[in-house]
Amino acid sequence: MISNTLTKESNAAARAQTGIPADQLKSVVADVVSHQKIYDLHTHLYTPRFGTPVANRTGKVDPSGLMLWGVEELVTYHYLVAEVYRVVPASELPYEEFWKWPKSRQADHIWKHLFVENTPISEACRGVLTTLSKLGLDPNEKHLDAYRGFFAKQDPSEYIDKVMQLSNVHTITMTNPVFDDNERDRWLADPNVGADPRFKAVLRIDPLLRNFPQAAAKLSDWGYKVQSDPSAQTIDEVKRFLNQWLDRQQAIYMAVSLPPDFRYPANQTDTLALAGQTILEKAILPVCAERKLPFAMMIGSSLRTQPALRDAGDTSGLSDVTSVARLCRDFPGNKFLVTMLSRENQHELCVTARKFGNLMPFGCWWFLNNPSLITEITHMRFELLGTSFIPQHSDARILDQLVYKWDHSRNVIIQVLTEMYLRITQTGRRITRENIQHDVEKLLNGNFKAFLEQ
Ligand code: RAT
Ligand code: ZN
């Protein structure tokens with residue numbers, strides 16, 4: 001018995017001693033990264049109970065359903081709407097006209113101009129090609145009809161399993177904007193709408209911080225005793241509202257997207273920002289702290305810079321990392337998940353995370369979700385933070401995008417991680433498969449879980 005244990009221990013010790021030769025590092029890293037199941041902490045995907053507008057095998061189609069998937073949704077992704085307007089300008093196709101078209105016509109237009117008549121070279125275009133090809137479809141088709149039949153034959157719930165298997169994602173975190181009537185009504189009509197073991201919910205509350213008077217008007221319509229001026233009673237009512245919705249959704253964190261001019265503390269002459277600040281300090285952060293939930297701040301989105309483009313009309317702007325530092329310092333009992341949209345904010349955010357254990361930088365958000373920028377940002381994060389960050393989230397809006405967003409990001413992570421290990425081996429320090437498995441597990445799953453449990 002004793003000698004058996006000893007043999008096991010010495011075998012383990014011997015394995016730990018066996019460093020991976022430099023020329024094999026990349027293939028081992030690739031193997032480990034591709035086998036690691038991912039906890040995707042920010043998407044805009046939904047369970048089948050939220051309904052789907054996409055024709056499918058069950059025959060159940062809900063025109064305002066929230067679960068998006070299939071080729072027409074993929075091709076009309078708002079990133080691609082913006083790109084098609086680079087090729088066919090509004091002088092040729094007025095925005096209002098495009099929005100009046102049925103989705104199938106919009107999709108045909110985008111396919112023709114971005115995929116057939118031009119080389120689909122952008123990241124968002126390449127993503128569609130990766131997805132089609134990983135689904136076993138030929139990405140060279142001239143017309144979308146060649147794909148439509150494949151998607152119409154799917155059962156939405158089974159298709160979720162298929163996509164999660166292909167992308168190796170074990171949990172999809174939704175974004176659940178409670179101020180969106182379509183979304184809110186679905187939670188009220190069906191208490192189990194979010195109950196699906198593959199999904200987690202997130203309470204998204206942008207209007208509370210971006211425009212409190214507007215949010216207060218809605219809350220008051222919904223029966224809460226709130227006023228646009230955040231009095232003590234208003235604060236209590238906002239807390240009651242947040243707690244009710246966190247319970248209803250079983251949300252794993254609370255989230256907001258903030259504009260580039262978000263400042264903490266707020267500018268004393270900006271009454272709208274001051275109202276938001278009071279709600280943040282007195283309602284949102286206390287509720288998060290009591291429930292030990294992280295507060296996710298996604299900072300740097302300027303909404304509707306080009307309103308005619310709708311979702312595709314938002315842009316990014318330089319934000320203020322000092323504000324993040326102040327929040328982390330002044331609220332040590334809170335946990336902050338933070339991603340920033342501007343490339344220029346990334347270095348300062350890393351430096352700030354070195355100072356605050358309650359700050360977890362995550363993902364390469366939206367306009368940063370391009371291989372060149374993910375490479376740069378991930379390198380910098382490794383150099384400044386070791387493995388104590390979350391390198392990526394998918395931000396998928398259309399289920400099938402999980403396939404490409406994770407395929408592309410995995411490839412970058414493999415490349416960058418291999419370079420980091422090679423640098424270490426140059427010191428004479430050995431890198432083992434166990435080291436790599438340990439690191440990759442933290443990056444793609446464990447760091448997020450541990451932050452939730454902290
Ligand atoms: O990346 C996106 O699709 C954006 O439109 C936003 O949804 C952003 O990710 C957000 O969560 O606000
Ligand atoms: Zn998002």
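Start at 1 and go down the list; that is how both ligands and their atoms are numbered. The chain is numbered in sequence order, starting from 1.
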**OP:** Could you say whether the N/O atoms of Y77 and ligand 1 ever approach to under 3.5 Å?
**Re:**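 For ligand 1, there is no N or O atom that lies under 3.5 Å from one belonging to Y77.
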
Original post:
For D314 and ligand 1, does the shortest N/O to N/O distance drop below 3.5 Å?
Top reply: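 Among all N and O atoms of D314, none is under 3.5 Å from an N or O of ligand 1.
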
Original post:
Measuring from R326:CZ to F331:CZ, what's the distance to the nearest 0.5 Å?
Top reply: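 The CZ atom of R326 sits 9.5 Å away from the CZ atom of F331.
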
Subject >> Distance, nearest 0.5 Å, that separates CG of L114 from CD of E83 >> reply: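 Reported value, rounded in 0.5 Å steps: 6.5 Å.
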
Considering non-hydrogen atoms of the protein only, which is the closest contact for [atom], and what is the distance?
atom	value
atom 5 (O) of ligand 1	H78 NE2, 2.9 Å
atom 8 (C) of ligand 1	W365 NE1, 3.4 Å
atom 3 (O) of ligand 1	R397 NE, 2.8 Å
atom 1 (O) of ligand 1	Y79 OH, 2.9 Å

Verify, without hydrogens or angle tests, whether [X] (side chain) and [Y] (backbone) share a donor-acceptor contact under 3.5 angstrom.
X	Y	value
D439	T387	no
Y85	L93	yes
E183	F179	no

**OP:** Could you check R198 against T47 for side chain to side chain donor-acceptor pair (under 3.5 Å), going step by step and ending with a plain yes or no?
**Re:** CA-CA 8 Å; R198 300 167 290 188; T47 68; over 6 Å; no

Original post:
What do we get for R204 next to ligand 1 when only non-hydrogen atoms under 4.0 Å count, side chain, backbone, both or neither?
Top reply: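 It is the side chain that gets close, since no backbone atom is under 4.0 Å.
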
Subject >> Subset of ligand 1 atoms that lie under 4.0 Å from at least one heavy atom of H42 >> reply: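 Listed by number with element: 9 (O), 11 (O).
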
Original post:
Can you list the atoms of ligand 1 that are under 4.0 Å from a heavy atom of H44?
Top reply: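 With H44 as reference, the close atoms of ligand 1 come out as 7 (O), 8 (C), 9 (O), 10 (C), 11 (O).
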
**OP:** Compute the minimum heavy-atom distance from D311 to ligand 1 and say whether it is under 4.0 Å.
**Re:**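 Checking ligand 1 against D311, which is what was asked, there is no heavy-atom contact under 4.0 Å.
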
**OP:** For Q392 and N369, run side chain to side chain donor-acceptor pair (under 3.5 Å): C-alpha distance rounded to whole Å, both residues' side-chain angles, the deciding distance at 0.1 Å, then the answer.
**Re:** CA-CA 9 Å; Q392 193 56 303; N369 194 354; 3.2 Å; yes

Original post:
Do D400 and Y159 have side-chain N/O donor and acceptor atoms under 3.5 Å apart?
Top reply: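 Note: D400 and Y159 side chains meet the donor-acceptor criterion.
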
**OP:** Identify, by name, the N, O or S atom of D395 lying closest to the Zn ion (ligand 2).
**Re:**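 Per the distance ranking, D395 contributes OD1 as its closest N/O/S atom to the Zn ion (ligand 2).
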
Subject >> the Zn ion (ligand 2) to H42: nearest N/O/S atom name >> reply: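 The H42 atom nearest to the Zn ion (ligand 2), restricting to N, O or S, is NE2.
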
